[in-house]
Asks: 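Dropping a structure here in structure tokens format, bear with me for questions.
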There are 2 protein chains.
Amino acid sequence: MQELSVKHSNGVYSILVGNGLRFKLHEYLKKSYTKVLIISDENVAKYYLEDVKKGLDNFSLASYTIPSGEHSKHIDVYYEIQTRAIEIGMDRNSLIIALGGGVVGDLAGFVAATFMRGIDYIQVPTTILAHDSSVGGKVAINHSLGKNLIGAFYPPVGVFYDMETLTSLSERETRSGYAELIKEALISSEELFYSMIETDLESISTEKLQEYIMAGIRVKQGIVEADEKEHGIRMFLNLGHTLAHALEAELGYGKITHGEAVAIGLLFSIHVSEKVYQKKLPFDRLKGWLVANNYPILSTFDSKEIIKHMKSDKKTIGQQIKMVLMEAPGQLKVEQITDDELNNHLNTFKERLV
Amino acid sequence: MQELSVKHSNGVYSILVGNGLRFKLHEYLKKSYTKVLIISDENVAKYYLEDVKKGLDNFSLASYTIPSGEHSKHIDVYYEIQTRAIEIGMDRNSLIIALGGGVVGDLAGFVAATFMRGIDYIQVPTTILAHDSSVGGKVAINHSLGKNLIGAFYPPVGVFYDMETLTSLSERETRSGYAELIKEALISSEELFYSMIETDLESISTEKLQEYIMAGIRVKQGIVEADEKEHGIRMFLNLGHTLAHALEAELGYGKITHGEAVAIGLLFSIHVSEKVYQKKLPFDRLKGWLVANNYPILSTFDSKEIIKHMKSDKKTIGQQIKMVLMEAPGQLKVEQITDDELNNHLNTFKERLV
């Protein structure tokens with residue numbers, strides 16, 4: 001088992017990564033919680049809910065299962081979970097467990113952040129993608145006008161990453177999660193980036209995957225510790241996300257996975273970086289790897305609509321779009337881009353994709 | 001003008017108390033906010049919205065007016081304000097102004113706490129009661145199963161208390177607000193308590209009122225600085241509230257004002273304190289003053305139902321009711337009370353009221 005810890009403005013929490021953790025959460029819970037509510041989705045509950053319950057039989061347990069998918073990050077689902085929490089008698093000394101991927105983590109975390117003004121919660125991620133969302137304390141639900149627009153910075157009291165749960169992931173979920181790992185590699189170093197795209201997803205070993213996940217978590221940890229509330233370098237984690245969020249909004253959430261959108265977004269960041277800094281960057285290399293690994297490379301979006309979505313993104317200040325770019329992998333910068341430039345970049349990008 | 005400041009885990013904010021502050025908020029806003037959204041209710045907007053707008057004409061302004069009353073602290077109203085905020089293009093560098101009483105402050109503050117994971121807001125209280133809710137960073141909306149069950153600890157960036165706005169208060173609102181001032185006096189000292197109930201509300205001078213409000217704010221400031229997240233002595237501020245919240249829930253919110261409920265709750269705390277500590281406390285003195293000042297003294301509630309409500313209060317941990325009691329004004333303690341004892345105390349209390 002591997003462990004690292006994340007400091008934040010009100011304390012510190014541990015991230016444990018290893019096999020079989022889902023069976024022994026009781027070993028790591030430090031308080032005698034009055035109630036424990038496990039929130040998961042239909043898919044995950046089927047595989048792992050009973051395992052997690054087994055490891056917590058000394059607690060007063062309840063569970064709440066949401067439909068799988070992004071549409072569960074809805075204010076009505078949020079309110080229903082609050083209702084359940086009240087009805088089972090949860091109080092300020094109760095615990096929420098987020099068992100699942102990013103949707104479960106974001107939603108359950110936001111319930112915990114706001115139930116009776118905030119109670120403890122832990123993240124038990126079950127996807128590769130959630131290595132990212134489960135660390136750093138960003139929790140949220142969606143507004144019909146935009147993703148993650150209602151939320152909080154509210155760190156968990158622990159993250160327990162059971163690598164065994166990754167074995168039940170579909171090909172598509174693996175692809176999706178790996179895109180965020182590639183993002184972290186691009187933030188971190190050329191070495192990590194090239195190492196990650198040496199293997200195909202089909203043939204990657206569990207050991208290699210755990211190694212890259214740990215590397216990704218370390219990148220994230222370093223950044224959120226330095227900038228918890230996203231005033232500065234936490235922006236770097238947004239690499240590839242300016243286009244990704246806009247694509248998801250334009251297509252309707254759930255049409256492509258978040259990670260698939262990020263993959264296209266990363267390519268776009270590299271494309272813009274090449275234009276802005278006049279440098280040769282690994283655009284073709286990454287594109288080739290994405291194609292070989294069956295990522296959907298969409299090139300038929302409407303640039304004007306995409307720009308409109310970018311402007312309603314919550315990272316946009318005063319209608320000015322800022323993008324995270326790179327002079328090289330590991331050397332990131334944030335640049336303000338005008339609408340005209342952006343339109344040009346989107347159009348030349350689309351040509352380059354086909 | 002008087003000023004004091006409140007430290008919290010992520011910074012510090014000022015509380016300004018004086019005349020005419022509503023006209024000159026721009027003098028105190030330190031940032032160049034991209035947008036400013038003023039949230040107020042129908043009553044307050046009628047009197048003061050234009051005044052506040054006048055003092056902010058260098059900002060890009062919008063306003064949102066909610067129906068007056070507790071029922072506006074509803075998840076639907078909360079969501080609608082988020083919608084408005086998104087539609088007018090608010091971003092992370094925008095500001096929310098809570099112009100009004102406790103309902104507006106709690107609701108607007110919770111919108112600010114969760115819009116794009118938290119933006120700045122200021123409190124511009126317009127009632128006596130709001131001297132309490134506007135300080136300390138507790139924000140919330142109600143759940144249909146209980147008051148303030150969904151919320152956060154999220155301090156404002158400033159509190160601007162314009163004493164002139166108190167002149168438009170109804171007799172009932174004055175009564176309601178004064179009850180929380182009496183609570184703070186009971187927390188603070190015998191001297192302040194007896195001084196406050198020497199005058200009738202009808203004949204109190206503006207100077208005296210401002211003096212008591214400042215004293216109340218100082219009590220609150222001292223406590224929230226020592227215990228921001230309510231793990232210890234912040235509980236003292238709950239004096240009188242165990243019964244008050246239960247009464248409000250039992251009668252339906254809005255049937256009596258919060259302050260009127262607190263007044264009865266304070267009497268109950270003194271009653272229980274007398275029983276528990278076997279001491280003579282100013283029960284009759286406070287009761288006489290409340291009656292003389294037209295507070296409704298309800299004595300017909302059902303003790304069993306009241307206890308049920310107390311148990312679903314968010315301050316209740318593991319179904320055990322804790323009450324804030326006093327050995328004397330200024331000497332507070334928190335005691336756990338069994339259901340049987342509570343039932344007895346409620347019954348003897350009702351007898352003493354008639």
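Just so we're on the same page: letters track the sequence lines, and every chain starts at 1.
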Asks: Distance from B:Phe115 atom CZ to A:Ile150 atom CD1, nearest 0.5 Å?
Replies: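 Rounded to the nearest 0.5 Å, the CZ-CD1 separation comes to 9.0 Å.
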Asks: Taking the side chain as every heavy atom from C-beta outward, state whether B:Val139 and A:Arg117 have any atom pair closer than 4.5 Å.
Replies: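 The answer is no; the side chains never approach within 4.5 Å.
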Asks: Name the region of A:Lys311, side chain, backbone, both or neither, that has any atom closer than 4.5 Å to a heavy atom of chain B.
Replies: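 For A:Lys311, there is no contact with chain B at all, as no heavy atom is under 4.5 Å.
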Asks: Can you list the residues that meet the ring pair (Phe, Tyr, Trp, His ring centres under 6.0 Å) rule with B:Phe110, with sequence neighbours excluded?
Replies: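 Ring pair (Phe, Tyr, Trp, His ring centres under 6.0 Å) check on B:Phe110 returns B:Tyr78.
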Asks: Which answer fits A:Thr114, side chain, backbone, both or neither, if we ask what part of it has an atom under 4.5 Å from a heavy atom of chain B?
Replies: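 When you check distances to chain B, atoms from both the backbone and side chain of A:Thr114 fall under 4.5 Å.
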Asks: I need the minimum non-hydrogen distance between A:Tyr79 and B:Ile75, along with the two atoms involved.
Replies: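 In terms of heavy atoms, the two residues are closest at CD1-CD1, 3.7 Å.
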Asks: Under the rule for side-chain hydrogen bond (donor to acceptor under 3.5 Å, both in side chains), what residues qualify as partners of A:Lys220, not counting sequence neighbours?
Replies: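 A:Asp132.
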Asks: Could you tell me whether A:Glu230 and B:Arg92 make a salt bridge, using a distance below 4.0 angstrom between a side-chain N and a carboxylate O?
Replies: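 Yes, charged N to carboxylate O under 4.0 Å.
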Asks: Listed by chain and number, what are the salt bridge (charged side-chain N to carboxylate O under 4.0 Å, His left out) partners of A:Glu305, not counting sequence neighbours?
Replies: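 Listed in chain order: A:Lys308.
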Asks: Show your working on side-chain contact (heavy atoms from CB on, under 4.5 Å) between A:Asn10 and B:Lys229 and close with a plain yes or no.
Replies: CA-CA 11 Å; A:Asn10 296 305; B:Lys229 303 283 171 71; 3.8 Å; yes
Asks: Is there any residue in residues 81-89 of chain A with a non-hydrogen atom under 4.5 Å from a non-hydrogen atom of chain B, and which ones are they?
Replies: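 At a heavy-atom separation under 4.5 Å, chain B is reached by A:Gln82, A:Thr83, A:Ile86, A:Glu87.
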Asks: Tell me, for A:Val111 versus chain B, whether the close heavy atoms (under 4.5 Å) come from the side chain, the backbone, both or neither.
Replies: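 For A:Val111, neither part sits under 4.5 Å from chain B.
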